[in-house]
Amino acid sequence: MEEETVLNFLKRHGLESKQGQSILAEKILSKENWLVSVFKKNKQKSYCINFSKNELVLIPLDEKTSSLKEGIYNQLPLSEIKELYFEKPAADNELVVEYEDDSKPIEHYFIPQENAVSPWHSRNLMHLMEEIGTKNK
């Protein structure tokens with residue numbers, strides 16, 4: 001997938017679209033669902049995450065084609081997010097989203113270092129890690 005595809009999707013839906021602000025990710029299941037994931041009954045969901053000035057936009061990816069699902073996205077206002085950072089172990093990264101509302105669970109997204117079909121992902125990841133900040137696990 002080309003980065004231009006993501007930018008055009010955002011523009012079509014009236015969302016802020018700026019080059020270098022999107023990455024690909026997989027939502028990590030909560031610890032309560034780990035047994036289900038072991039038996040493959042609950043698949044991880046893949047997303048394109050766009051970081052803008054006032055919000056995060058989560059766009060689900062089609063499981064079969066890895067393309068953006070047209071017209072489907074979730075906007076998370078930054079005003080509702082208490083803390084947003086990348087956890088950085090040795091090989092891969094994790095995006096952590098903690099909400100102001102403590103009743104909402106902390107969300108974790110697995111972020112690969114590279115994506116063969118989307119070379120722009122690695123460049124954007126490095127840029128966003130510097131901009132947002134990292135914490136070691």
Side-chain angles (χ1 to χ4, degrees):
M1 173 179 14
E2 297 292 325
E3 185 175 23
E4 194 65 31
T5 304
V6 177
L7 297 175
N8 289 336
F9 177 97
L10 294 165
K11 286 177 190 172
R12 271 195 312 279
H13 294 89
L15 303 166
E16 182 182 326
S17 87
K18 188 176 168 188
Q19 193 168 7
Q21 297 298 109
S22 298
I23 56 173
L24 301 172
E26 286 184 0
K27 188 170 186 176
I28 299 171
L29 300 171
S30 67
K31 299 205 183 336
E32 295 84 39
N33 293 332
W34 72 271
L35 186 59
V36 174
S37 66
V38 168
F39 294 106
K40 305 284 184 203
K41 294 186 183 191
N42 197 357
K43 295 180 181 178
Q44 290 180 334
K45 293 192 177 191
S46 296
Y47 292 91
C48 178
I49 302 177
N50 181 263
F51 296 76
S52 71
K53 191 180 194 179
N54 299 311
E55 65 189 1
L56 290 181
V57 178
L58 296 155
I59 309 165
L61 300 178
D62 185 273
E63 289 178 33
K64 295 176 185 169
T65 64
S66 292
S67 60
L68 303 172
K69 290 186 176 181
E70 190 57 45
I72 302 172
Y73 58 90
N74 187 19
Q75 295 171 272
L76 303 174
L78 293 181
S79 61
E80 293 180 12
I81 297 173
K82 183 190 321 186
E83 194 168 12
L84 177 69
Y85 59 90
F86 288 95
E87 281 187 349
K88 188 173 169 46
D92 292 306
N93 304 290
E94 196 173 301
L95 176 67
V96 179
V97 181
E98 292 184 40
Y99 292 96
E100 289 289 346
D101 180 354
D102 291 334
S103 67
K104 286 188 174 183
I106 296 172
E107 293 183 352
H108 298 263
Y109 295 87
F110 168 74
I111 315 291
Q113 280 294 117
E114 297 181 10
N115 186 301
V117 296
S118 301
W120 50 268
H121 165 84
S122 296
R123 179 185 69 239
N124 292 358
L125 177 61
M126 292 297 120
H127 165 75
L128 289 166
M129 288 176 78
E130 286 178 18
E131 189 176 302
I132 293 170
T134 61
K135 288 184 180 181
N136 291 326
K137 269 190 173 178

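All values reported here derive from a predicted model rather than from experimental measurement. Computation of the quantities below employed the complete heavy-atom set of this structure, encompassing side-chain atoms and omitting hydrogens, waters and symmetry-equivalent molecules.
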Give a yes or no on whether the backbone of Leu24 and the side-chain of His121 come within a donor-acceptor separation of less than 3.5 Å.
-> yes
In Å, rounded to the nearest 0.5 Å, how long is the span from CG of Leu68 to OH of Tyr73?
-> 13.0 Å
Could you pull out the closest heavy-atom pair between Met1 and Val6, with the gap in Å?
-> SD-CG2, 3.8 Å
Verify the neighbour count for atom CD of Glu2: are there more than 12 heavy atoms of other residues, nucleotides or ligands below 6.0 Å?
-> no
Does a donor on one side chain sit under 3.5 Å from an acceptor on the other, for Tyr85 and Glu83?
-> no
Look only at the side chain of Thr134 and the backbone of Phe86, and say whether a donor-acceptor pair between them is shorter than 3.5 Å.
-> no
Where do Ile72 and Pro60 come nearest, in terms of heavy atoms and distance?
-> O-CD, 3.3 Å
Quick one: CZ on Phe110 to CD on Glu26, what's the gap to the nearest 0.5 Å?
-> 6.5 Å
Assess whether side-chain contact (heavy atoms from CB on, under 4.5 Å) is satisfied between Glu70 and His13, documenting all intermediate values.
-> CA-CA 10 Å; Glu70 190 57 45; His13 294 89; 2.8 Å; yes
Nearest heavy-atom contact between Leu78 and Ser52 is CD1-O, 3.8 Å
Tyr109 versus Ile28, closest heavy-atom pair with distance = C-CD1, 4.0 Å
side-chain contact (heavy atoms from CB on, under 4.5 Å) assessment of Leu84 paired with Leu56 = CA-CA 10 Å; Leu84 177 69; Leu56 290 181; 4.0 Å; yes
Can you list the residues that meet the side chain to side chain donor-acceptor pair (under 3.5 Å) rule with His127, with sequence neighbours excluded?
-> Gln21, Glu131
Run the numbers on Asn124 and Glu3 for side-chain contact (heavy atoms from CB on, under 4.5 Å), then give the verdict.
-> CA-CA 10 Å; Asn124 292 358; Glu3 185 175 23; 2.9 Å; yes
Closest heavy-atom contact between Lys69 and Phe9?
-> O-CE1, 3.5 Å
Would the number of heavy atoms belonging to other residues, nucleotides or ligands and lying under 6.0 Å from NZ of Lys104 be above 12?
-> yes
Could you walk me through whether Asp102 and Lys82 pass the side-chain contact (heavy atoms from CB on, under 4.5 Å) check?
-> CA-CA 9 Å; Asp102 291 334; Lys82 183 190 321 186; 3.3 Å; yes
Between Val96 and His108, the two heavy atoms sitting closest are CG2-ND1, 3.7 Å
